[in-house]
Every structure is written in C-alpha cells, then in structure tokens.
Amino acid sequence: MKETVVSGIRSTGKLHLGNYYGAVKNFVQMQNDYNCYFFIADLHSLTTHPTPADLHGNIKHVLVEYLASGIDPENSTIYIQSDVPEIAELYLYLNMNAYMGELERSTSFKDKVRANPDNVNAGLLTYPVLMAADILIHKATKVPVGKDQEQHLEMARTFGNRFNRLYNTEYFPEPYAFSYSDKLVKVPGLDGKGKMGKSEGEANAVYLSDDPETIRKKVMRAVSDGGPTEENQPKPEPIQNLFDLMKVVSSVDTHQHFDDLYNKMQIRYGDFKKQLAEDMIIATTPMRERIQDIAKDDAYLRQVAKHGALKARESAQKTIREVRSLIGFKSF
C-alpha cells in the first residue's frame, strides 16, 4: 500500500514561483511513488470574499497551472475542494472539538487579524480546522507544506488525536510535513519582506503565466539598497531575499559569481537583477506555453475536474461513513 499524500493551494489567483518551488514541484516528483490527492482550496478562499466571477476564474487558473506544471490526473487525484462536500461535514465534526484559545493563538490567525482588522471572520479563526479536515478526510500521513504551514499541520495532528481519544479509537493517523528536498522551501518575494505571496500585491510575486517583459519589469523594481559598504558584510533582508531567489532559479555557478561580487563590494545590482530576471524567464517559459494551450481546452478541464471529484469522493465518503459510526450517528 502506498502512503497517502494530501496538499492543496488556495484559489486566490494565478500560481507564482513560490507556489511552484514551495509546493507544486514536489507534487510532480512524488506522484509516482505515493497515493496523491492534490486539491484546489476554493472553500478556504471564501475568507477573503471573492466575487462569483473571480472565484470561478481563479479555480480555473489553478487547475490549468496544476496540469501545466506536470501533475498527471491519471497518476494523481486532482480535485476542487467544494466538489467534495464530505470535507465540509468533517470540518463541522472537528470544529466541535476545537477550542477558541488554541485557534486564537494560531500565528496565521494573529497575522491576518493584524493585516485585515475589518475582516476577522469565523472562517479565518477556524481555518486550521478546515485544513485538518482536508488532510484527515483521506487519512493522509504526508503533507507537502511550506515552512509557514507547519503550525497548521501540528494542529491537524492535535484535532485527529483528540478525535481518537474522544471516541476511544486509533482511526486518524498522524500527518507530518514532507518534502522531496532536504528542507521545506520558502521562496521570498520582491518587496524585501518575507515570502512571495498574492496577498502582498502583484509586484511582490512572479507568476508562472507572466510574460518575459513583465518579469523583467518586476525584478528590476525589486527592493534593493545602495550596495555593501565593507567586504563580506551580512546581507540585509531585501538583498538576501534576492540572492535566495537566485538560488532557486539560477545555476550554482551564477549564484556564486554574484555572491563573490557582493563580498568584494563589486556588485552592480542592475546586472544582478537582469541575470535574475532572465533565469526566471528561462524557468517559467515552458510552463507559460503549456498554460496558454491547456486554458483553451474547456472540455478537457471539465473532464479532469469531474474525474478528480469522483475519485476524491470515493475516499471521502468512506471516511465520513466510518466517522459518523464512531461518533454514534445511526440510521433508524
């Protein structure tokens, strides 16, 4: 029996390099060795209240880009979260045993409250519970998540173990973070602060579908500074972020060349950014071309989504039947 892997990406717009190198590249590598469920987290995206048109368009973007990145719907189960209503049912059961205090202490919840004080909804508070339901519905043991999601995964273990104790069972296994690389990848953004993400604005992220000119403009405008003032000095965060990006998309020799120039106080940020942009273009061009081709084929996308929903629901329905029995729900 292959171990089960589950992971998903929120449908809040196009995929960027952070999504690809932090998650989707791992998905492609592991799909031959594991029983993989990769979903589009459209229920999660409702915390930001997208319009119906935006919601549907964003789901399509992610589906197209999953396929363009190399996820094979014959090898993996690709599905849209809202096509599997059993996830919402398990979310309800887990919520009954999740406590306000632990949810309020979640780092991501506190970050979102600070960033959006006028939109502190219950969905944000219980976000880790829905994430736990996504994982536990297929009894996954491996979850390829980014560094910033490790606390959510710890909470998923907590909720699964709490269910097991409450109903005197060993039903849910413990899921753990999983990566094909030596460590979880965190891809920095272009704004000089933290990771690449959609919520930080268009200029912060390089999207898989961006054309070469757009990539060049974004990278040339990336936050930098006046340059090093002494040899071998530590790099400030915005500069370290750019070097970390180069480490992701460029060759080892290229990264070493510019690192040496920085340490010798000889670096020219214009040349550095031009090289970074061209390496990003080389990395994204094959995917951008596949994205354009797949996006035109609506019949194929419908077929993939329908096939994935059937496969995902087969697993989810079995879990819900067993969970309902353990809780004590019985037919009269």
Side-chain angles (χ1 to χ4, degrees), residues 1-8 10-11 34-47 52 55-56 59 63 73-103 106 121-143 152-176 302-332:
M1 286 284 289
K2 290 182 178 179
E3 283 188 273
T4 296
V5 171
V6 170
S7 196
R10 289 177 70 206
S11 55
Y34 296 92
N35 178 29
C36 293
Y37 292 89
F38 300 131
F39 66 94
I40 299 162
D42 55 340
L43 296 178
H44 282 287
S45 74
L46 296 181
T47 59
L55 179 64
H56 181 73
I59 292 167
L63 179 58
E74 297 303 317
N75 274 355
S76 302
T77 302
I78 306 174
Y79 62 99
I80 298 161
Q81 189 184 26
S82 61
D83 282 345
V84 184
E86 291 79 11
I87 295 169
E89 185 172 347
L90 183 58
Y91 171 47
L92 184 148
Y93 300 150
L94 295 175
N95 261 327
M96 299 303 180
N97 301 308
Y99 302 117
M100 282 282 290
E102 66 190 344
L103 296 174
S106 164
N121 56 66
L124 285 176
L125 182 68
T126 61
Y127 197 97
V129 188
L130 181 53
M131 185 171 172
D134 292 323
I135 297 163
L136 298 175
I137 197 76
H138 302 300
K139 302 175 78 172
T141 54
K142 294 191 182 310
V143 184
H152 281 171
L153 193 51
E154 185 180 333
M155 294 175 82
R157 289 193 292 273
T158 296
F159 300 141
N161 287 333
R162 189 173 292 157
F163 180 94
N164 290 346
R165 286 195 304 273
L166 187 63
Y167 296 107
N168 195 26
T169 179
E170 294 296 322
Y171 186 71
F172 288 120
E174 289 192 330
Y176 284 92
R302 273 194 302 273
Q303 177 191 341
V304 168
K306 186 175 180 181
H307 179 59
L310 287 171
K311 287 168 69 179
R313 288 201 72 188
E314 185 178 354
S315 166
Q317 286 170 341
K318 179 177 184 295
T319 298
I320 286 298
R321 277 197 307 271
E322 292 168 352
V323 164
R324 287 175 66 89
S325 176
L326 286 166
I327 291 173
F329 291 118
K330 299 185 189 303
S331 298
F332 286 94

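All values reported here derive from a predicted model rather than from experimental measurement.
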Flag, side chain of N35 to backbone of K2, donor-acceptor distance under 3.5 Å: no
Give a yes or no answer on whether the side chain of T158 reaches the backbone of E154 with a donor-acceptor pair at less than 3.5 Å. yes
For the residue pair [X] and [Y], what are the closest heavy atoms and their distance?
X: A305; Y: I80; answer: CB-CD1, 4.1 Å
X: L43; Y: Q81; answer: N-OE1, 2.8 Å
X: F163; Y: I327; answer: CE1-CG1, 3.9 Å
X: H152; Y: S106; answer: NE2-OG, 3.8 Å
X: E102; Y: F159; answer: OE2-CE2, 3.5 Å
X: L136; Y: F172; answer: O-CE2, 3.4 Å

salt_bridge(E322, K318) N-O dist < 4.0 Å: yes
Rounded distance [0.5 Å steps], [atom1] in [X] versus [atom2] in [Y]:
X: T77; Y: E314; atom1: OG1; atom2: CD; answer: 9.0 Å
X: K311; Y: S315; atom1: NZ; atom2: OG; answer: 11.0 Å
X: F38; Y: N75; atom1: CZ; atom2: CG; answer: 10.0 Å
X: E86; Y: Q317; atom1: CD; atom2: CD; answer: 4.5 Å
X: I59; Y: I40; atom1: CD1; atom2: CD1; answer: 7.0 Å
X: M131; Y: S7; atom1: CE; atom2: OG; answer: 7.0 Å

Parallel, tilted or perpendicular, as decided by the 30° and 60° cut-offs, for the rings of H138 and Y37: parallel
Flag for S82-D42: side-chain donor and acceptor within less than 3.5 Å: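 Yes.
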Under 6.0 Å from the six-membered ring centre of Y171 and within 45° of its axis: does the NZ or CZ of K139 meet both?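 Yes, a cation-pi geometry holds between K139 and Y171.
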For the residue pair Y93 and F329, is the inter-centroid distance of their aromatic rings smaller than 6.0 Å?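 That pair passes the under 6.0 Å test.
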With the side chain counted from C-beta on, respond yes when R324 and I320 share a heavy-atom pair under 4.5 Å apart, and no when they do not. yes
